[in-house]
Protein chains: 2
Amino acid sequence: MTRERIVGDGRDTAFRRPTINDVAALSGVSKSTVSNVMRQTGSVSDATRRRVVEAVERLGYRPNATARNLVMQRTNLIGVLVGDLANDFNAELVKRIEQHASAAGYTTLVCNTGGHAEREGSRIEALLEQRVDGIALLDFTGDRAVLSQLLGERVPVAMVSCWSEYADCVAVDDMVGVGLAVQHLVELGHRRIAYAVDPLMEATTRHSRAEAFDRVMLRSGLPPRSEWTVLCGTGDDGGDDAAMLELLRGEAPPTAIVAANDHTAIRLMELLEGAGRAVPGDVSLAGIDGIDTAGLSRIALTTVAQPKEELASLGVALLLGRIESGYDAPPQQRRLRPALIVRQSTAPPR
Amino acid sequence: MTRERIVGDGRDTAFRRPTINDVAALSGVSKSTVSNVMRQTGSVSDATRRRVVEAVERLGYRPNATARNLVMQRTNLIGVLVGDLANDFNAELVKRIEQHASAAGYTTLVCNTGGHAEREGSRIEALLEQRVDGIALLDFTGDRAVLSQLLGERVPVAMVSCWSEYADCVAVDDMVGVGLAVQHLVELGHRRIAYAVDPLMEATTRHSRAEAFDRVMLRSGLPPRSEWTVLCGTGDDGGDDAAMLELLRGEAPPTAIVAANDHTAIRLMELLEGAGRAVPGDVSLAGIDGIDTAGLSRIALTTVAQPKEELASLGVALLLGRIESGYDAPPQQRRLRPALIVRQSTAPPR
DNA sequence: GTCGGTTTGTGGAAGGTTCCAATTTCACGG
DNA sequence: CCGTGAAATTGGAACCTTCCACAAACCGAC
């Protein structure tokens, strides 16, 4: 039962975790009975149960999930793929997803892709090798190879706050969200409105919000101008903050900016004020997401808040539903309604 | 090789992932050879290798990590326990830890404990069942039962930004950190300095910073007053924001506050300004951690920044070191030096 | 050809569970 | 005391790998 000592330095003894067989031997029953006791299945007499429980405690036995996973073809693990955990919105979402998942008995594997398709692919590969029961995608680079890799694998996938027609999805209705922001600005009197894109943002959402912006502007009788859609960023991410400043320096510049997400809106707020433009004095600024930081009174960013809690709970529910009741069912897609939160970063134009 | 159809609705066919045996059968070699090809071990002829690789691709074979884990007694999984992922500092740390771990071939299991010892215990239990190779503790409630549970398990543990004499640790030197903050305030002319505690904060760090504060104050010839150490919080977390406001309303109130972390400092900034106290006009405010939000020009919080990148990389290095070169070695403990970042939330007293 | 040595390939055990069919034990009525 | 059905218990197969000792094939030299 115990192995021999391995080395001579006197402190390293072969250490073996107790197995179900050790428990069986100590309590004088078969491993099947121990298994039944541990899982509370089958029928075992009280006396036997007590003896087994005692042996379990004496030995400090803990079932080996690895072995269980192998035989059950089930790991109770779910993977969460996120672009940038340092983005408040993602962090909050992941936190809530982990909570719901663990309440349902699942443990969460988190992978940060940094928005690189290559990394995304390799992390998915790792998740699939670990035989996760399902994957929640919070960010998706949109890389076609990755998508087909995933779809070809028959692994349940739920997209949370992003979108694909082939998988279960839950996301905010971007037409409504962007509409709320634009309408608010229009009501304040703005006519010249620019749109700031975050190059690091998840691809499907990025497109859908950008498209929504154009449609909403048109609907408000304000034909969008393509040069007023600016990719903002520090440079190494493919965006160009200078372009936005340039735009504001031109004649008849935008009097308001809708940013594709709060993270960008707050960066922009820094940028503008650093360049001597007051917010909302010179330019109004609205974001999307509703991160906590936007609510600080010193930031006071007007934003279209996503219902994070519903996003997380519905996302987990969709994923677990697919895991537990079969892979083959038409994808379920849920659109949630966002809510406008008006703060002090927006005001009537000069 | 393929199983029979299962149900009659015509779309659900028993699906089995290909195993190493399927590959072996298709390519006409033994599973051992397939294994050798996959792991690039042993010696296999070019011709055979090609045939195997082709079969692997045809079948879409992916090694089953579950089976491998079982036989290798190794999962290449590490657990990360964090109190609150929605706290910027933690999110950034987790992100970096995940990066380092995955670069080293490990996948990361993230658990959010919410600061509850009970939840902490149950999440650790889950991690141990999954047979993670090691656990990184970013937050530790300090619960003794949990600690002994962990220490009794012979599982490698590294504490990142928290401390225990029994495990590998890497954290900032709190005496130095708090010292920098206090010294800065003293140099500005403050004599009456309060200390704001975050009740949700990780226990060991909370104590060490609180103790450091007292010692540093004493050293500066400013005997700390116990009623000036205030547990700040919304109430449901055990803290009491009102108490801090009360304190400021008294006579000869503190002219400066050191907060145990940036998160609390920023909350306090909101609170104070909401109550009509200007920062830094009426009260100076300094935090600890150096989160990104503190650097926003509208927040401009003076803070003692932790070297996040070193914390993460060293933490992972310590953990992997212990995993890969033996459990029994004296704990390694590393103290890093924090750095003061002076911004606009601190100024000379009135 | 045969011999030694190297390269290449193989079969089977082990790893720790769950599940199921089969067996043993038990309690009770006849 | 036997038979019966239910309750309790058990042994072995299966899950999919890795690893190791061993076998087969091959090669060049004599």
Side-chain angles (χ1 to χ4, degrees), chain A residues 1 3 14-53 55-56 59-77 126 128-133, chain B residues 1 3 14-53 55-56 59-77 126 128-133:
Chain A
M1 193 88 4
R3 294 248 189 94
F15 171 79
R16 226 182 88 248
R17 299 206 133 71
T19 74
I20 200 171
N21 282 309
D22 299 327
V23 177
L26 180 60
S27 53
V29 298
S30 72
K31 61 184 167 35
S32 306
T33 299
V34 177
S35 177
N36 281 329
V37 170
M38 293 307 287
R39 293 177 303 126
Q40 321 220 37
T41 60
S43 51
V44 352
S45 71
D46 267 5
T48 312
R49 179 184 318 278
R50 268 195 299 276
R51 257 184 313 143
V52 170
V53 168
V56 165
L59 295 175
Y61 168 68
R62 188 190 320 280
N64 184 330
T66 289
R68 187 199 311 139
N69 294 346
L70 180 59
V71 65
M72 305 269 286
Q73 305 278 66
R74 198 88 152 37
T75 56
N76 274 45
L77 248 30
L128 292 175
E129 278 205 10
Q130 291 291 343
R131 295 296 193 263
V132 293
D133 290 336
Chain B
M1 193 91 3
R3 292 248 190 93
F15 172 79
R16 228 183 86 249
R17 299 206 131 73
T19 73
I20 201 170
N21 282 308
D22 299 327
V23 177
L26 181 60
S27 53
V29 298
S30 73
K31 60 183 168 35
S32 307
T33 299
V34 177
S35 178
N36 281 329
V37 170
M38 293 307 287
R39 294 177 303 124
Q40 322 220 36
T41 59
S43 52
V44 355
S45 71
D46 267 5
T48 312
R49 178 186 316 278
R50 267 196 300 276
R51 259 185 312 144
V52 170
V53 168
V56 164
L59 295 175
Y61 168 70
R62 189 190 319 281
N64 184 330
T66 289
R68 187 198 311 139
N69 294 346
L70 179 60
V71 65
M72 306 270 287
Q73 306 279 65
R74 198 87 153 36
T75 56
N76 272 44
L77 248 31
L128 292 175
E129 276 205 10
Q130 290 292 343
R131 295 293 193 266
V132 293
D133 291 336

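First the proteins, then the strands, lettered A, B, ... as listed; each starts at 1. Hydrogens, waters and symmetry mates are skipped; everything else that's a heavy atom, side chains included, is used. Keep in mind that what you see is a predicted model, and the values were worked out from it rather than measured.
- Counting all heavy atoms, side chain and backbone alike, A:S27 lies closest to A:A55 at CB-CB, 3.8 Å.
- Nearest heavy-atom pair, B:I20 versus B:V34, reported as atom, atom and distance to 0.1 Å: CG1-CG1, 3.5 Å.
- The nucleotide whose nearest atom lies closest to any side-chain atom of B:T48 is, among C:dT18, C:dG9, D:dT17, C:dG9.
- If you measure from atom CG of A:L70 to atom C1' of D:dT18, you get 13 Å, rounded to the nearest angstrom.
- Judged by closest nucleotide on DNA chain C, B:D46 is the one of B:D46 and B:Q73 placed further toward the 5' end.
- When the C1' atom of C:dA14 is taken as reference, atom CZ of A:R16 falls 12 Å away, rounded to whole Å.
- The interatomic distance linking B:N69 (CG) with D:dT18 (C1') rounds to 12 Å, in whole Å.
- From B:Q73, atom CD reaches atom CG of B:D133 across 10.5 Å, with rounding to the nearest 0.5 Å.
- The distance between atom CZ of B:R74 and atom P of D:dT17, rounded to the nearest whole Å, is 19 Å.
- The nearest whole Å value for the distance from the CG atom in B:N76 to the C1' atom in D:dT17 is 14 Å.
- From A:T48, atom OG1 reaches atom CG of A:N36 across 11.0 Å, with rounding to the nearest 0.5 Å.
- The phosphate of C:dT7 has neither OP1 nor OP2 within less than 4.0 Å of any side-chain N or O from B:S43.
- Here the closest non-hydrogen pair linking A:Q130 and B:T66 is O-OG1, 4.0 Å.
- Put simply, the residue from A:R62, A:R16, A:K31 that forms a salt bridge (Lys or Arg N to Asp or Glu O under 4.0 Å) with A:D22 is A:R16.
- Phosphate proximity of C:dG9 to B:S45: present, with a side-chain N or O under 4.0 Å from OP1 or OP2.
- Taking atom CG of residue A:N64 and atom C1' of nucleotide C:dA14, one finds them 13 Å apart after rounding to whole Å.
- Comparing atom distances between the B:T33 side chain and each of C:dG16, D:dT9, C:dT10 picks out C:dT10 as nearest.
- Between the CD1 atom of A:I20 and the P atom of C:dG15 there is a distance of 15 Å, rounded to whole Å.
- The two residues B:R131 and B:T75 come nearest to each other via the heavy atoms O-OG1, 2.8 Å.
- Within the structure, a side-chain polar atom (N or O) of B:S30 is placed less than 4.0 Å from OP1 or OP2 of C:dT10.
- Atom CD of A:Q130 is separated from atom P of D:dT17 by 13 Å (rounded to the nearest Å).
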Checklist outcome for this item: B/S/- along nucleotides 19-26 of chain D (protein heavy atoms under 4.0 Å) is B-------
